[in-house]
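Data first, discussion second: the structure below is written as structure tokens.
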Amino acid sequence: MKLFNSLGRELQEFKSITPNEVKLYTCGPTVYDYSHIGNLRAYVFDDTLRRILTNAGYNVKHVMNITDVGHLVSDDDQGDDKLEKGALREQKTVSEVADFYIKAFENDISLLNILEPNAYKGPHGKYARATDFIDQQIEIVKLLFEKDIAYRTKQAIYFNTSKLPDYGKLTEQKLDDKEVAARAEVVSDDQKENPQDFALWFFTVERFANHSLHWNSPWGEGFPGWHLECSAIIHATLGEPIDIHTGGVDHIGTHHTNEIAQSEAAFDVKLANYWLHNEHLLVNGRKMSKSLGNYYRLQDVIDKDIEPLALRLLFLQSHYRTQTNFTWDSLEASAKFLKRIQSWSDLSFQIDSSIQKASLNDIEDALRDDLNTPLALSRLSSIISDKNNTPDHEFLVKLDAVLGLELSNRLDLSDEDKKLIVDRTRARKNQDWSESDKIRDLLLEKSIELNDSQDRTIWSRV
RNA sequence: GGCGCGAUGGCCGAGGAGUUAGGCGAGGGUCUGCAAAACCCUAAACACGAGUGCGAAUCUCGUUCGCGCCUCCA
């Protein structure tokens, strides 16, 4: 199995640390608002990776975090973070806001048939919430102080990046070339020793004085820096080194770079062997994002009577490492393609199967080549187009295992509906067209579509 | 300024030195009580300029344009 590793920027043959086991960690959402479909692309990518690894024989241990505290906005001198802002906007507490959007997130995940993380079970479920790991985050800061890598200013505790020789190995960008405060609105702390030093812990003083979520620490009241949670959660749940760490490309330069720095400095172990990053979804050629306001939610898809799995299929039709331009036309195209795949799947109830099992290998080969899902779907399409291929349940189960399109749990017709089809066939034989059309309409009301071919009537659920 | 990605037919997108990507759409056809679906056929592409090859959409260089990141982001 080949994967493109951001660490080294090359396609590499995947080798797990422990035979037949993969430790997989994913950077999850910040829950201050609804996820948009660009965010969801990342989780479909993750899910696909996990399914393919599982299919290849690995026992995948998957952990995903949820950021429910301390994401700095940085464009605001008040020092609000996104969750605090969301709370203010909705006149709720930060925890209420987080709970609400976590539910919404879990609902989206479920509609897209994305598997829940399976290697962590905490007080709030299967997603690891940053606020449930405060102690562990403080422990890392302690370790970094012991190693003389952390230092404090009036505002915060920082990680001294100059103490780590290979700091920034993921970005391959020289520190001197980095533009300081590339975005004008970035608030800086003039007590920082190096511009690229990042916060491990913020004190609830000055601009953060009113931060509503804060905890006691050996150094004073405050809240953790953003990067810390992932280091702490990985240490507490999977343990370093992990096999694969995933996230969006926007995380390479900052979040993942700093995560690596913290973890590797604190624990003296490599954090992750493979770093996989998904590219962004674009709208009209621009990145879909909350701040640009050019985003759609899964609910917008549903409101257009397009089923969520069509979105999953659309994502699979492009490679995870390419920017994809989202249009409603392309989503509708995927919805039609999905319908064709589903109709073909319904044949498994109606016609004796005759599928070339080898064709599944072609699909798996494509998937194991750095998740070439578009090529895999192209191969699926040729299977479907070949009249000699009709699926059986076993084949659909295997397809679902990697693509997650829910083809294997579609329902056979009830006996009553089957009888209706028999009745209709008899009516047609007697050229009783009004009766036959009546039955066809009746079944259509139950979302069952009939297609008359030369020798028989085929149904499919729509 | 630095780092990175990209430019493929009407739209979305794989591939990648010589041989069909695929989806949706368009045109034609087969089948058919009607309808729908399915299937078959067809048209249509590799940003621009130079270079290296017997041969370049595919490699190299340059140009133009677009996108992302450089302490909010998947």
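Letters A, B, ... mirror the listed sequences (proteins, then strands); counts begin at 1. The structure displayed is predicted, hence computed values, not measured ones.
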Of all the choices, [options], which nucleotide is nearest to the side chain of [X] once you look at every atom?
X	options	result
A:Gln323	B:A74, B:G15, B:C67	B:C67
A:Ser385	B:C39, B:G22, B:G68	B:C39
A:Asp452	B:A74, B:C34, B:A21	B:C34
A:Pro374	B:C11, B:G68, B:G13	B:G13
A:Thr30	B:A74, B:G13, B:C67	B:A74
A:Phe337	B:C3, B:G23, B:C34	B:G23
A:Asn39	B:G68, B:A74, B:G22	B:A74

Would you say the side-chain atoms of [X] and [Y] include a donor-acceptor pair closer than 3.5 Å?
X	Y	result
A:Arg41	A:Thr324	yes
A:Tyr151	A:Asp197	yes
A:Ser334	A:Gln317	yes
A:Tyr295	A:Asp300	no
A:Asn430	A:Asp432	no

Return the pairing partner of [N] with a 3.5 Å limit on both distances, Watson-Crick or G-U wobble; otherwise return none.
N	value
B:G6	B:C65
B:A38	B:U30
B:C73	none
B:A43	none
B:A17	none

At less than 3.5 Å, do the side-chain atoms of [X] and the base atoms of [N] form a donor-acceptor pair?
X	N	result
A:Asp437	B:G33	yes
A:Ser436	B:G33	yes
A:Arg440	B:A35	yes

Contact under 4.0 Å: [X] side-chain N or O vs [N] OP1/OP2:
X	N	value
A:Arg41	B:A74	no
A:Asn451	B:A37	no
A:Arg340	B:G23	yes
A:Trp226	B:C73	yes
A:Lys336	B:G25	yes
A:Lys387	B:C40	no
A:Thr322	B:A14	yes
A:Ser381	B:G23	yes
A:Asn325	B:C12	yes

Note: for A:Lys339 and A:Ile252 on RNA chain B, the residue whose nearest nucleotide lies more 5' is A:Lys339
Between [X] ([atom1]) and [N] ([atom2]), how many Å, whole number?
X	N	atom1	atom2	answer
A:Lys287	B:G66	NZ	C1'	16 Å
A:Leu281	B:G13	CG	C1'	13 Å
A:Arg379	B:A21	CZ	P	14 Å
A:Leu403	B:G23	CG	P	15 Å

Check: Can A:Tyr43 be classed as stacking with the base of B:A74, given a centroid separation cut-off of 5.5 Å and a plane angle cut-off of 30°?
Finding: no
Base orientation of B:G28, chi within 90° of 0 counted as syn, else anti, reads anti
### Query
Is the A:His255-A:Trp275 ring centre distance short of 6.0 angstrom?
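Between A:Trp275 and A:His255, which both carry aromatic rings, the centre distance is not below 6.0 Å.
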**Asked** Looking at A:Lys2, A:Arg321, A:Gln12, which hits side chain to side chain donor-acceptor pair (under 3.5 Å) with A:Asp370?
**Response**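 It is A:Arg321; the other options fail the test.
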Next on the checklist: Taking any heavy-atom pair under 4.0 Å as a contact, classify A:Arg9: base, sugar-phosphate, or nothing.
Outcome noted: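 Touches sugar-phosphate only.
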